[in-house]
Amino acid sequence: MNNQAMESRMIFVTLLLSASIRVIAEDPYLFFEWKVTYGTIAPLGVPKQAILINGQFPGPKINCTSNNNIVVNVYNQLDEPLLLSWSGVQQRKNSWQDGTPGTMCPILPGQNYTYKFQVKDQIGSYFYFPTTGLQRAAGGIGMLQVHSRDLIPVPFDRPANEFAVILGDWYNKGHKTLKRILDSGRSIGKPDGIVINGKSGKFDDLAAEPLAVMESGKTYRYRICNAGLKNSINFRLQGHTLKLVELEGSHTVQNMYDSIDLHVGQCLSVLVTANQVPKDYYFVASSRFAKRPDVAIAVVHYANGNGPASPVLPAAPSENSAGIAWSMNQFRSFRWNLTASAARPNPQGSYHYGKIEITRTIKLTNTRSLVNGKLRFGINGVSHVDPETPLKLVEYFGLADKVFKYDIVKDEPSNGPAVVAPSVVNAVFRNFVEIIFENHEKTIQTWHLDGYSFFAVAIEPGRWSPDKRKLYNLQDAVSRHTIHVYPNSWAAVMTTLDNAGMWNLRSEMWERTYLGQQMYFSVLSPAKSLRDEYNIPESQQLCGIVKGFPKPTPYAGT
Ligand SMILES: *[C@@H]1O[C@H](CO)[C@@H](O)[C@H](O)[C@H]1NC(C)=O
Ligand SMILES: *[C@@H]1O[C@H](CO)[C@@H](O)[C@H](O)[C@H]1NC(C)=O
Ligand SMILES: *[C@@H]1O[C@H](CO)[C@@H](O)[C@H](O)[C@H]1NC(C)=O
């Protein structure tokens, strides 16, 4: 019996068990209480108002196992509205709590809200962050890691320990100032530096605060996310190689790398074996495709190690066009390990994605324009704005025609003038779609889709045309939830739209997101059944034009 057959059999047995013994079917709950406050930090030597969770930046780690129920009671002690999103966690049937302004009313200052979601059939590394305004520039970010259940084999030995590493570019200006700049129609410009878990290594007592402590001979898992606003980041560990084992929730073919490019919004796991002379080593993160790259360092310490890290930092891969070719090749080397058992969020059999007939091709181009003299970004010429009432609620209460028009974004880019409006694309439940991202700009792009993972089948230079499908990886593309697109290049992803809800498709580069480079997919299940979508949570706040509305009759079914 191969692994997949074994896995299906295991699932079958589990189903039988859970059908007969209901008690066992209830997956464990993990409870968190988070106080979100301001605090001051100065990773680049300039004090800045940061957003802390329980006093920390990065915020507390959520460490859980596939199918756990996560309950997070969030107290907003800021002076402005707050929403947290769980980037990449699929929120099956539950866009109600996806944490984007199009799905939920924000948590007002002084109030609290309890997120409840299940990490159903997922594994891997994710991060949470605030979606409101430019708060992501100030913090409110942390790691969410999902382990495989005990019965499911993991394609590598249990590491001796795990380290959470949140990378990101950093602006010395506060998030309110950054928002004011964007509101006035200007760009926020280049970041001031890079941080590794909230430190740059320039003003920190490096040896006293190591990023990780390893014992000689043991192997460790580093879960690394780029939660910044703009810059792609290359990371490397002096003297060590990195074995890639997981990328955005999928176990990969385990290739070795000297350094890896991690684009905004992406997370992965590498294994590092402590097989060097026991002393300190620098973990280095530097911005990619920038004229003068910013660099941050942190120390990885060997227990019983003796001696400081060498001041000679490992070099970054080259910049310019050779650097892009290098990076593109690295993307092509990322492959899904098809024989590794793991929770598979997509429906059974969808790993044969290469054989499924495409029912819709949606081609999206990032656009940049001036509207009334103000900078706006968009998708196919449409620059999204969030209406006061979340789109999901407006649609649920049957008021969509009062607030937005479906399908202003067409499946093909248009050349008309930029339109500023709420942008919702109607999608047919369970359609298998191909989305092409074409980038005509000189800067790299990264895209993320909430509620799904997709097969990232290609990133190639030039323009896309149907004959480029012959370049797709239809065998073992990684199932993930973000994709980057190099300058003057395209990328293709495929997915089954089987998760009913209102789902945000967005640039992960927050200046662009905030100024309109995002949209929503409305995926409605015609059945209105609990099989397809959960009911609106009882505690869901209603705001804007649906404030005070009675909740409609709950969906039927199980
Ligand atoms: C994280 O979760 C895993 C699996 O549930 C467990 O083995 C591990 O001890 C946990 N680690 C921490 C730091 O809680
Ligand atoms: C706010 O917190 C209290 C307990 O601290 C809890 O009982 C209540 O349900 C929370 N409110 C929401 C909307 O989650
Ligand atoms: C894929 O996973 C299998 C099963 O866990 C493992 O034995 C194998 O080494 C992995 N293959 C690669 C190429 O990483």
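We count ligands from 1, going down the list as the structure has it; atoms in each ligand are counted the same way.
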Check whether any side-chain heavy atom of E248 sits under 4.5 Å from a side-chain heavy atom of T482, and report yes or no. yes

Does even one non-hydrogen atom of R158 get within less than 4.0 Å of ligand 1? yes

Considering only protein heavy atoms, which is closest to atom 5 (O) of ligand 2, and at what distance to one decimal place? Y75 OH, 2.4 Å

Look at atom 6 (C) of ligand 1 and say which protein heavy atom is nearest, naming residue and atom and giving the distance to 0.1 Å. N63 ND2, 4.2 Å

Using side-chain heavy atoms (C-beta onward) and a distance below 4.5 Å, is P278 in contact with N304? no

Where is the nearest protein heavy atom to atom 9 (O) of ligand 2: which residue, which atom, and how far? T114 OG1, 4.5 Å

The protein heavy atom nearest to atom 3 (C) of ligand 2 is N112 ND2, 3.7 Å

Rounded to the nearest 0.5 angstrom, the OG-CZ distance for S87 and F127 is 4.5 Å

Can you check whether a protein heavy atom sits less than 4.0 angstrom from atom 14 (O) of ligand 1? yes

Cation-pi check for F549 against K551: NZ or CZ below 6.0 Å from the six-membered ring centre and within 45 degrees of the axis, yes or no? no

Only heavy atoms of V253, strictly under 4.0 Å: list the atoms of ligand 3 that pass. 13 (C), 14 (O)

Without swapping roles, check the side chain of Y302 against the backbone of N275 for a donor-acceptor pair under 3.5 Å. yes

Side chain to side chain, I141 and Y128, heavy atoms closer than 4.5 Å: no

Students often mix this up, so state it plainly: with edges at 30° and 60°, are the rings of W86 and F117 parallel, tilted or perpendicular? tilted

Using 30° and 60° as the class boundaries, would you call the ring planes of H484 and H263 parallel, tilted or perpendicular? parallel

I need the atoms of ligand 1 closer than 4.0 Å to a non-hydrogen atom of T65, numbered in the order shown. 4 (C), 5 (O)

Looking at Q254, which atoms of ligand 3 are within less than 4.0 Å of one of its heavy atoms? 12 (C), 14 (O)

Contact (N/O only, under 3.5 Å) between E33 and ligand 2: no

Heavy atoms of the protein only: does one fall short of 4.0 Å from atom 11 (N) of ligand 2? yes

Can V71 and Y115 be said to form a side chain to side chain contact (heavy atoms under 4.5 Å, CB included), step by step? CA-CA 6 Å; V71 182; Y115 289 89; over 6 Å; no

Taking the minimum heavy-atom distance to atom 1 (C) of ligand 3, which of N337, N255, T252 ranks first? N337

May I ask you to list the atoms of ligand 3 that are less than 4.0 angstrom from any heavy atom of T339? 1 (C), 2 (O), 3 (C)

Any atoms of ligand 3 less than 4.0 Å from a non-hydrogen atom of P155? List them with their elements. 2 (O), 5 (O)

